[in-house]
Amino acid sequence: MITTRESLPLIETVAPADQAAVAEVVRTARDQEKAIYPIGGGSALDYGVCPGVPGVGLSLKNLKRVVDHAVDDMTITVEAGVTMAQLSELLAAQRQRLPVDAVRPGQATIGGVVATGAFGPRRYACGTIRDYVLGLRAVDGQGSAFSAGGRVVKNAAGYDLCRLLVGSLGTLAVITQVTLMVRPQPETSAFLVADLLDFDQAERLLDGLVRTKTLPVAVELLTRRAQQGNPVLGPMVQQSAARLFVGFEGTAGEVEWMVDRLRDQWRELGIAAPIAVAASDAPALWQWLRESDGSAAEVQINVRPGATARLIENLVELDGACSIRAHAGNGVIRLGLPPREPEDFVMFLRGRLRPAVVAARGKMVVRSYPDDVELTAEDVWGPPGDGAAVMRAIKDRFDPDGILNRGRFVF
Amino acid sequence: MNCQSATENVFCELIADRQEDPIELAMLHSPVVRDLRRCLGSRNVLSAPSELEVYDCDGFTLQRHRPDAVVFPRDAAQVAQIVKACQRHAVSVVPRGAGTSLAGGCLPVGGGVVVMLTRMNRIVEIQVRDRMAVVEAGVANIRLNRALAGTGYHFAPDPSSQGASTIGGNVATNAGGPHTLKYGVTVNHVLGLEAVLGDGSIVQLGPVEDPAGLDLIGVLVGGEGTLAIVTKAWVRLTPDPQDYRTLRAVFNTLDDATRTVSRIIAAGIIPAAMELMDQAIISAIEEAFHFGFPLDAGAILIIEVDGPVAGLERQTEQIVEFCRGSGAREVLHAATPEERALLWKCRKSAAGALGRLSPSYFTQDGVVPRTRLPEIIRHILAIGKKYDVRIVNVAHAGDGNVHPVMLVDERDPQQVERAKAAGRELLEECIRCGGSITAEHGIGVEKIELMDRLFAEEDLRAMARVRQAFDPTGRLNPGKVLPPMYNLVAGLK
Ligand SMILES: Cc1cc2nc3c(=O)[nH]c(=O)nc-3n(C[C@H](O)[C@H](O)[C@H](O)COP(=O)(O)OP(=O)(O)OC[C@H]3O[C@@H](n4cnc5c(N)ncnc54)[C@H](O)[C@@H]3O)c2cc1C
């Protein structure tokens, strides 16, 4: 943790009170040719390339109004600085939730979660934040405010600027307000867990999941080294390589049926003693699975789901000290790397890791890396793909002076 | 570049003005036709006026424009050639799937070349392990779903037009359907796209999830053919539920039915589908299919829950209780899979059955926050009276998505004008209720005039930038989505 970069090169930080003031900050910075670094809760400032150019920190922490909670419509509109924990609390009071897991919810703001395109274990059934943003307001790189979308759950009017801004890391516009679709809270949840001898067995179970009539909400595959701190389950069986967590949510009857059904399937697939985690312990497990494990660097790899187990096996061979938490149902691998000398880190990344990912026809993004390491945009985001020219053209039109999060993203 | 696109727009308008004069048009465009013939072979290029007539409109029949040519590419490379040829000759390009658009999305405004994607209809791959299928743009939605039968998976977007509409068209309009309520619209099911951009380059986005960069797929879906021509899609497959419970609740009044919908949602119950049909629709369907719907019912809701059997009974009971509590006079269960299938067939054929009520009709696509459903339906009925237009209602009610169908006789221009005015007013009413002017059919040409009611100038300008970034020359499906002025001002800002 200590070596992880936690700050941006800030000359000063300002915290405007509303959208108009945000626009004013952006216009001033543009006139003075200064870079702007939007800041939510500061939980993901190390995401992206470490920017070289000093600039103004634009904190959204004072934009924290709940604009409208249309409880019966199951939508909510909040300003960007509302934290995920505050949002959950508000929704929980109405037995609702936003089923997107964000790391460090007490700190992370909804604006930041939208800007980073957050997701977590529940992605398998519930998707990512992309799937919940119905509308938003934002200020572009010239200081003009605009709105996108609306507050209805289905809307095909015009281009989907919400999707464009989700995950754009604040490089097109500073998000000031978000309208979300929310869901009813499930009655209960539970996990079924299996210790796996090897990654062939992991793939057999994952393949089995695709064929069950159960509806998992989360399919998490964790390697041996990633088990530390598990609040519910003890150490893994000796010799096992990984542990698979399958999470269910629903009514008590549904959850019980699904756990039983999957247990039967797993027994047939050679898991002698699947471990069930009951409703009382499940919340702690959900929380633990959601958080990152504090490795010196974290890399996100995406691969087709069927190639996940094999690639994880290769990664463990590449670096025995790595820890891996994968949203295996979606082919998303979160790879935690131990500290290394800066040159070794870069060499490992370029010479070993990326080639292994490319060989598996996957993609990789370095989500966080130590301060003393210098990486290029291509190291962090990968080589520009087919869409690069269009992305550049969009960036040039929303932020022609390139002041928003300069140097952190693909452009 | 900006000046250039300004002059080009004027040029387009010029062409539009000359629409009346086919000989002059032919002269203007024959070089492009020659070029296209060279690329695709003569058989795949239509340019005789009699052949072109079929393509002068789509499912929205109130406006017509004859294209200059219609072409039938076989693969992305040919689509790229077509786009390049059109660019060389400064001609617009209009992608078209099955042509079921209800918003005039395929209308060749001011002429241009219509690119038919329907011969690109291969199902390339079905990958159950990865829960993914790869299909060419012209594959009909139903064909994909038929091919998936037995795999335990399906493609969830189920527009009522799925028997004809293509995956490319579904992607371009971000189509929804009855089961959108639980499973989401098309964008929630697209993992990757292959597309031809305005400069004729072919790009592949995805299918490995999470873009390193901007989510261009998210923008292309719903782009209505104005940003790129989609040639192939990698779509997510959804597990077939273990079982279903399909109810039809019969109400004496529309109001009782819509209030039931709002109450169910407010209680935190999200069924798989919750569809509304009013009395006129019920009678038309009954006449066509003889399902056995009561002809004196004011409205019927079709409500379906799905998932593990273990949870179905309780959900069903809760829903039945809500229906009864809101005045349902009876609630019936589909007893067999066949009965369920017929019920859905009835619902999805509702539009077709309307042919029995009127020589022609056009369908609106408003959407309101779900609690405002009773209110908007009341407004729609009042608007029908005000303009003396017969309006009947189907709705993806659970989403607050209304489809008022305006019954008209196209031979009576006054009636058509009244119907258009009524349509406009009811969409304005949707905006006033906090909703939008389209939930799934898109803007096309039909609703373009209302865009600046729904959005502020800055919002539309932001959209215009996106369009310019994808297609700086503005030749992809011009005259759709954004009011004309935004094609000019975007770059100037
Ligand atoms: C009876 C009936 C019922 C309907 N029910 C529903 C419904 O329940 N839900 C719903 O959402 N819609 C519905 N629709 C509307 C329509 O069917 C959908 O919009 C459908 O997605 C259009 O598909 P298509 O292949 O017919 O596309 P087309 O009508 O051919 O084209 C639609 C638009 O997409 C563009 N386009 C088409 N293919 C491509 C491509 N490959 N690349 C880029 N752009 C392309 C066109 O330029 C046009 O703007 C219905 C229509 C009818 C006639």
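Note that these values count all heavy atoms, side chains included, but never hydrogens, waters or copies made by symmetry. Each chain gets a letter, A, B and so on, in the order the sequences are listed, and its residues count up from 1. Worth saying up front: this structure is predicted, and the values here are computed from it rather than measured.
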So which residues of residues 179-189 of chain A are in contact with chain B at a heavy-atom cut-off of under 4.5 Å?
A:Arg183, A:Pro184, A:Glu187
Identify the residues of residues 166-175 of chain A whose heavy atoms come closer than 4.5 Å to a heavy atom of chain B, ordered by number, or report 'none'.
A:Gly167, A:Ser168, A:Leu172
So A:Lys213 and B:Val309, do their side chains get closer than 4.5 Å, heavy atoms only?
no
Counting C-beta onward and ignoring hydrogens, is there a side-chain heavy-atom pair between A:Trp257 and B:Gln242 closer than 4.5 Å?
yes
Name every donor-acceptor pair, under 3.5 Å, that has one atom in a side chain of residues 193-201 of chain B and the other anywhere in the protein, sequence neighbours excluded.
| residue | atom | partner | partner atom | Å |
| --- | --- | --- | --- | --- |
| B:Glu194 | OE1 | B:Thr231 | OG1 | 2.6 |
| B:Asp199 | OD1 | B:Ser201 | N | 2.9 |
| B:Asp199 | OD1 | B:Ser201 | OG | 2.7 |

Charged tip of B:Arg465 within 45° of A:Phe398 ring normal and under 6.0 Å:
yes
Against chain A, label [X] side chain, backbone, both or neither, depending on which of its atoms sit under 4.5 Å from a heavy atom there.
X        : value
B:Arg263 : neither
B:Ala462 : both
B:Gln315 : side chain
B:Ile265 : both
B:Asp130 : both
B:Val368 : backbone

If you count heavy-atom pairs under 4.5 Å with chain B, which of [options] comes out on top?
options                      : answer
A:Phe411, A:Trp381, A:Tyr124 : A:Tyr124
A:Leu215, A:Val332, A:Leu206 : A:Leu206
A:Gly150, A:Gly253, A:Gly158 : A:Gly158

Identify the heavy atoms of B:Pro211 and A:Arg130 that sit nearest to each other, and give their distance.
CD-NH2, 3.9 Å
In chain order, what residues pass the salt bridge (charged side-chain N to carboxylate O under 4.0 Å, His left out) check against A:Arg163, with sequence neighbours excluded?
A:Asp131, A:Asp160
Looking at [Y] and [X], is there a salt bridge between them, counting it only when a charged N and a carboxylate O are closer than 4.0 Å?
X        : Y        : result
A:Asp73  : B:Arg370 : no
A:Arg123 : B:Asp210 : yes
B:Arg129 : A:Glu203 : yes

